[in-house]
Amino acid sequence: MISEILGFQSDNRPVMGFAWYDSGSFSALREAMPDMSESYDDWRLGAQKDLKKAEQEGYRVIRIAMRPEEFFAWCRQRGIGAPGLSARRAFAADQARLVVQAERSRKKAFSFF
């Protein structure tokens, strides 16, 4: 499972950022990070099970699109030269945090009073 549990809650549930791939992105990332699943189909099968389990455990799971350009730029900004599982988890957590922050700011910006 490529996920990270964040240190805050959203909608009264703990938030989990979950790295999510499309087949093209998976292939491009796998070339640079051989620690990933052997195939996209293997990864997707495991990811679906992990998502279901996390949701059953009460987490709000936010799927984070893993785009190679964005991910590797994020790694370079943090001085991560050889990214792996921990970098993918941290990226997913950072991106999920941004999603929740954006949701909260939109709720604060709207008011009838």
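All heavy atoms count here, side chains included; hydrogens, waters and symmetry mates do not. Fair warning: this is a prediction, and the values are worked out from it, not measured in the lab.
The aromatic rings of Trp74 and Phe71 lie parallel to each other, with less than 30° between the two planes, well short of the 60° mark.
Nearest heavy atom pair, residue Tyr40 against residue Asp22, reads CE1-C, 3.5 Å. The minimum heavy-atom distance between Ala28 and Pro68, with the atom names listed, is CB-CG, 3.8 Å. Counting all heavy atoms, side chain and backbone alike, Val61 lies closest to Ala54 at CG2-CB, 3.8 Å. Scanning all heavy atoms of the two residues, the minimum distance from Ala19 to Met66 falls at CB-CG, 3.5 Å.
Listed for the Arg30 side chain is a donor-acceptor partner under 3.5 Å among the backbone atoms of Ser37.
Within the model, atoms CD of Glu57 and CZ of Arg13 stand 13.5 Å from one another, a figure rounded to the nearest 0.5 Å. Atom-to-atom distance recorded for Arg104:CZ and Gln101:CD is 8.0 Å, nearest 0.5 angstrom. The SG atom of Cys75 sits 9.5 Å away from the CZ atom of Arg88 when rounded to the nearest 0.5 Å.
Put simply, the residue from Ile62, Ile64, Leu51 that forms a side chain to side chain contact (heavy atoms under 4.5 Å, CB included) with Phe18 is Leu51. The residue from Trp43, Phe26, Phe91 that alone fulfils the ring-ring contact (aromatic ring centres under 6.0 Å, His included) condition with Trp20 is Trp43.
The pair Asp94-Arg97 meets the salt-bridge criterion, with a side-chain N (NZ, NE, NH1 or NH2) lying under 4.0 Å from an Asp/Glu carboxylate O.
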